[in-house]
Amino acid sequence: MILQCGLRPLDLNKPQIMGILNTTPDSFSDGGNSYRAEQLDLDLALGRAEAMATAGAAIIDVGGESTRPGAAPVSLQQELDRVVPVVERISQNLDVVISVDSSSPEVMAAAASAGAGLLNDVRALQRPGALAAAAATGLPVCLMHMQGQPDTMQAKPQYRDVVAEVSEFLQVRQQACIDAGVDPAQIILDPGFGFGKTLQHNSQLLQRLDQLQHLGCPLLVGMSRKSMLQGLLARPLEQRLAGSLGLAMLALQRGAAILRVHDVAETRDIVELYWQLEGNNKQRESC
Ligand code: 8Y4
């Protein structure tokens, strides 16, 4: 199947890589307010995006809000200021699909006008106005499962059957999108690794990822460097590459269509191995 990401097609007959663009502000400045510092930040973001695209990312994920527990909330204006210029700059310079990691309808609309090709919402378009805003763009949407809210979601995650509950949630949000006018063939689903889940929950979801395939949409997974590698391997953040690559291969074998990762070049080798040795003969169904 091929998604229509604005003007750009995204071929999901083969697994694709979404590279995570770190857009933390103040990379050069301490206040982040001078024109020169902003230009340098934009240059840096474009350089990182270009490196990921060259290394094999079909999608660059741009986000302006941190969902880390304890992260300071970001105002709508701050989110717009961070995301929209980066989307514009990348869109004008690179032939790559730009994904916008946001839950705000205003950011979705502005980013789409600036050249974004995909909407990635960890809140699955549940904010007021988000469904309508997303549908109006005509862009593909990624709907992710999260239990609770970012600041408290890891306090005490509980499920009777995590796979069944994630599946039911995604099905409800998928239907809500279709009812709001989103093309069913433009919906991507994501179990949301680490979002209100213990190590056991994350492990179950990965082991039974294939059970989300009956929903009929491409699956996106984000496990790169996440804390399940702390739980499984006791590795700190900067030593999680090998673990991330192992998890990527398992996700591909269980049907993942898009891998959201930090380490694009390394993940590309995993996708190539999978594709040459296992994937080439399988066919994927569309929504
Ligand atoms: C190290 C590095 C430790 C990163 C934790 C993290 C997902 C996502 C995020 C995901 C989709 C993150 C925006 C969390 N995760 N979007 N976003 N799926 N669709 N944490 O799994 O990367 S942010």
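Along the sequence shown, residues carry numbers from 1. As the structure lists them, so they are numbered: ligands from 1, and atoms in each ligand from 1. Model, not experiment: these values are computed from the prediction.
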Asker: What residue and heavy atom of the protein are closest to atom 3 (C) of ligand 1, and at what distance?
Answerer: Arg225 O, 3.4 Å

Asker: Scan side-chain atoms only and decide if Asp43 and Gln39 contain a donor-acceptor pair under the 3.5 Å cut-off.
Answerer: no

Asker: Between Arg208 and Asp161, does any side-chain N to carboxylate O distance fall below 4.0 Å?
Answerer: yes

Asker: Identify the closest protein heavy atom to atom 18 (N) of ligand 1: which residue and atom is it, and at what distance?
Answerer: Asp190 OD2, 2.5 Å

Asker: So, Glu79 versus Ser102: side-chain donor-acceptor pair below 3.5 Å or not?
Answerer: yes

Asker: Evaluate whether atom CD of Glu50 has more than 12 neighbouring non-hydrogen atoms of other residues, nucleotides or ligands under 6.0 angstrom away.
Answerer: no

Asker: Identify the protein heavy atom lying closest to atom 4 (C) of ligand 1, giving its residue, its atom name and the separation to 0.1 Å.
Answerer: His262 CE1, 3.7 Å

Asker: List every atom of ligand 1 that sits less than 4.0 Å from any heavy atom of Met144, numbering the atoms from 1 in the order shown and giving each element.
Answerer: 10 (C), 11 (C), 18 (N)

Asker: Output the list of atoms in ligand 1 that are nearer than 4.0 Å to some heavy atom of Asp101, sorted by atom number.
Answerer: 13 (C)

Asker: Looking at Lys14 and Glu272, does any basic side-chain N land under 4.0 Å from a carboxylate oxygen?
Answerer: yes

Asker: Check each atom of ligand 1 against the heavy atoms of Leu237 and keep those under 4.0 Å away; list them by number with element.
Answerer: 1 (C), 3 (C)

Asker: Looking only at protein heavy atoms, identify the closest one to atom 6 (C) of ligand 1 and say how far it is in Å.
Answerer: Lys226 CG, 4.0 Å

Asker: To check your reading of the model: name the closest protein heavy atom to atom 9 (C) of ligand 1, its residue, and the distance in Å.
Answerer: Arg260 NH1, 3.3 Å

Asker: Does any N or O of ligand 1 fall below 3.5 Å from an N or O anywhere on Ser227, backbone included?
Answerer: no

Asker: May I ask you to check whether over 12 heavy atoms, not counting those of Leu7, lie within 6.0 Å of atom CG?
Answerer: no

Asker: Listed by chain and number, what are the side-chain contact (heavy atoms from CB on, under 4.5 Å) partners of Ala55, not counting sequence neighbours?
Answerer: Val264, Ala265

Asker: Taking only heavy atoms of Gly222, which atoms of ligand 1 are found under 4.0 Å from at least one of them?
Answerer: 21 (O)

Asker: With side chains defined as the heavy atoms from C-beta onward, is the minimum distance between Tyr274 and Gln253 less than 4.5 Å?
Answerer: yes

Asker: Assess the residue pair Ile90 and Leu46 against the criterion (side-chain contact (heavy atoms from CB on, under 4.5 Å)); give the C-alpha distance rounded to whole Å, side-chain angles, the decisive distance to 0.1 Å, and a yes or no.
Answerer: CA-CA 6 Å; Ile90 297 172; Leu46 178 61; 4.3 Å; yes

Asker: Who's closest to atom 23 (S) of ligand 1 heavy-atom-wise, of Asp121, Val221, Asp61, Thr67?
Answerer: Thr67

Asker: With a cut-off of 4.0 Å, which atoms of ligand 1 are near a heavy atom of Val122?
Answerer: 8 (C), 13 (C), 16 (N), 17 (N)

Asker: Only heavy atoms of Asn120, strictly under 4.0 Å: list the atoms of ligand 1 that pass.
Answerer: 11 (C), 16 (N), 19 (N)

